[in-house]
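Scope of the values below: all heavy atoms of this structure, side chains included, with no hydrogens, waters or symmetry mates. First the proteins, then the strands, lettered A, B, ... as listed; each starts at 1. All values derive from a computational prediction rather than experimental measurement.
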Number of protein chains: 2
Amino acid sequence: MASVADNISERLETEIVEGLLPPGTRLEEPALAERFGVSRTPVREALQRLSASGLVELKPRRGTQVLNPSIGRIVEMFEVMAELEAVCARLCARRADPDLISKLKAWLMSCETTAAAQDVSAYYEANRQFHHTIYRGSGNGFLAEQAESLHLRLTPFRRQQLRVPRRLRQSLAEHTQVVTAIEAGDEAAAEAVQRAHILIQGERFGDFLAQFGAGARTTAD
Amino acid sequence: MASVADNISERLETEIVEGLLPPGTRLEEPALAERFGVSRTPVREALQRLSASGLVELKPRRGTQVLNPSIGRIVEMFEVMAELEAVCARLCARRADPDLISKLKAWLMSCETTAAAQDVSAYYEANRQFHHTIYRGSGNGFLAEQAESLHLRLTPFRRQQLRVPRRLRQSLAEHTQVVTAIEAGDEAAAEAVQRAHILIQGERFGDFLAQFGAGARTTAD
DNA sequence: CTCGACTTTTGTGTATACACAAGGAATAAT
DNA sequence: ATTATTCCTTGTGTATACACAAAAGTCGAG
């Protein structure tokens with residue numbers, strides 16, 4: 001089934017997303033090849049794919065490194081994410097599928113319990129599932145894929161979010177509002193709430209970096 | 001500068017976009033390697049990139065072929081395109097930059113003259129520039145890139161558009177409406193008009209295929 | 001004549017080898 | 001001592017070779 005290149009691509013992806021390979025890390029093909037016990041060929045293919053999915057940067061003749069976007073760039077990406085999520089929420093509200101709503105409520109509760117239990121990684125997973133349910137609930141598979149892709153791409157930068165005081169509590173409240181709007185079939189409200197929900201993340205990200213040394217992890221704008 | 005893989009990737013891209021390599025065409029590495037006078041290695045890299053940009057499909061152990069999405073899939077893609085363009089138009093209206101508006105008017109006129117002259121390829125180019133100006137005018141570089149990428153990806157399917165009677169005339173009128181809304185700073189109007197402008201393309205595409213043998217170029221839904 | 005198993009061929013996946021450019025270290029010149 | 005130049009090391013880009021899976025063609029049996 002899965003080729004060697006696929007495995008390497010996946011492993012590198014998770015390591016980047018989980019922060020083990022922070023932005024700016026150089027990825028040298030011979031080193032990776034030796035580490036995974038394979039030749040450079042599949043390593044190169046894996047890097048090509050990661051480059052395409054936007055997780056690494058592949059400069060010609062100058063090697064590849066984990067993408068290290070400027071602050072402004074990250075904010076732009078959060079803006080687009082906000083719009084994609086807003087569209088998904090609107091389409092969810094348009095359908096207002098009872099099955100979908102029950103799933104949303106289940107993940108919402110899962111978010112609350114994991115948050116109460118201070119289980120950070122479990123909360124991340126529940127939160128991810130909540131948002132993915134909205135993506136899929138849009139009824140547009142292509143839209144869902146795009147949203148999932150960008151969501152993944154932003155994960156390394158969203159990780160710093162919850163350090164912001166009270167953000168988690170507010171985030172949960174926003175989730176509830178979105179579900180309410182979707183259940184009511186209120187397209188405009190669902191869209192607006194979800195857009196704001198994500199946009200705040202981008203703003204908080206900027207605040208966070210402004211507070212704790214901006215240049216530490218991303219290049220200055 | 002440009003590596004061999006880059007050149008091959010570009011050439012294949014244009015050939016796919018221009019319809020020389022219609023959806024479903026099998027792309028075999030040895031044949032392409034011989035055709036371009038290179039080894040299989042850079043050919044594979046080029047195919048990987050095209051796969052990532054969504055122009056070809058790369059099934060493991062079963063080769064690559066020009067992506068041949070179902071009708072439903074294409075409609076989904078047009079829906080997402082409509083939303084992206086709507087966001088761009090809204091952000092354009094928010095800024096209402098005079099310089100941007102003059103550029104838009106220039107491309108609008110270019111569209112009209114080329115349409116009047118029946119110069120199809122020139123019209124395509126002018127139309128493309130018009131839309132790209134709106135993307136860039138959003139002020140969000142990442143959004144603009146996403147929009148441009150999807151625009152390119154949809155090009156093979158947009159080509160069949162203008163065969164639909166009167167579509168061209170209506171399209172020009174919609175362009176004018178968008179510019180007017182942007183100039184007036186009317187975000188809601190700009191967004192709505194642009195969304196409808198693109199959505200219609202998706203619908204017309206469905207109509208077109210329903211009329212002239214759906215199975216000819218894309219798989220059935 | 002048709003269907004099925006075996007062989008052959010074709011094409012992809014991976015490894016190895018070579019070519020060349022970029023960055024750095026060492027040496028020489030000012 | 002500083003700077004510039006040259007050489008060397010490192011790493012990427014491409015080519016070739018091998019391994020294996022899938023499809024196509026062939027042959028034989030019913």
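The NZ atom of A/Lys59 sits 10 Å away from the P atom of C/dG23 (whole-angstrom rounding). Nucleotide D/dG13 holds its P atom 14 Å from the CD atom of B/Gln48, rounded to whole Å. C/dT12 atom P lies 9 Å from atom CG of B/Leu47, rounded to whole Å. Atoms CZ (B/Arg62) and P (D/dA24) sit 10 Å apart, rounded to a whole Å. In this structure, A/Glu57 places its CD atom 14 Å from P of D/dT12, rounding to the nearest Å. For B/Asn7 and D/dG13, the CG to C1' distance is 13 Å, given to the nearest whole Å.
Applying the side chain to side chain donor-acceptor pair (under 3.5 Å) rule to A/Glu125 yields the partners A/Arg128, A/Gln129; only residues at least two apart in sequence or on another chain are considered. B/Phe142 pairs by the ring pair (Phe, Tyr, Trp, His ring centres under 6.0 Å) definition with nothing, not counting sequence neighbours.
Contacts of A/Leu58 with the nucleic acid, taken as non-hydrogen atoms under 4.0 Å apart, are absent.
Looking only at atom types and distance, the side chain of A/Ser3 has a donor-acceptor partner in the side chain of A/Asp6 under 3.5 Å away.
By the 30° and 60° cut-offs, the orientation of the rings of B/His132 relative to B/His151 is perpendicular.
B/Lys103 contributes atom NZ, which lies 7.0 Å from atom OG1 of B/Thr133 (distance to the nearest 0.5 angstrom).
Only B/Glu28, B/Glu29, B/Pro30, B/Arg40, B/Arg44, listed by number, bring a heavy atom of residues 28-46 of chain B to less than 4.0 angstrom from any atom of DNA chain C.
Each of C/dT14, D/dG11, D/dA23 was ranked by its minimum atom distance to the side chain of A/Arg61; first place goes to D/dG11.
Looking at A/Gln201, A/Arg73, A/Glu203, A/Glu83 one by one, the single match for side chain to side chain contact (heavy atoms under 4.5 Å, CB included) with A/Phe78 turns out to be A/Gln201.
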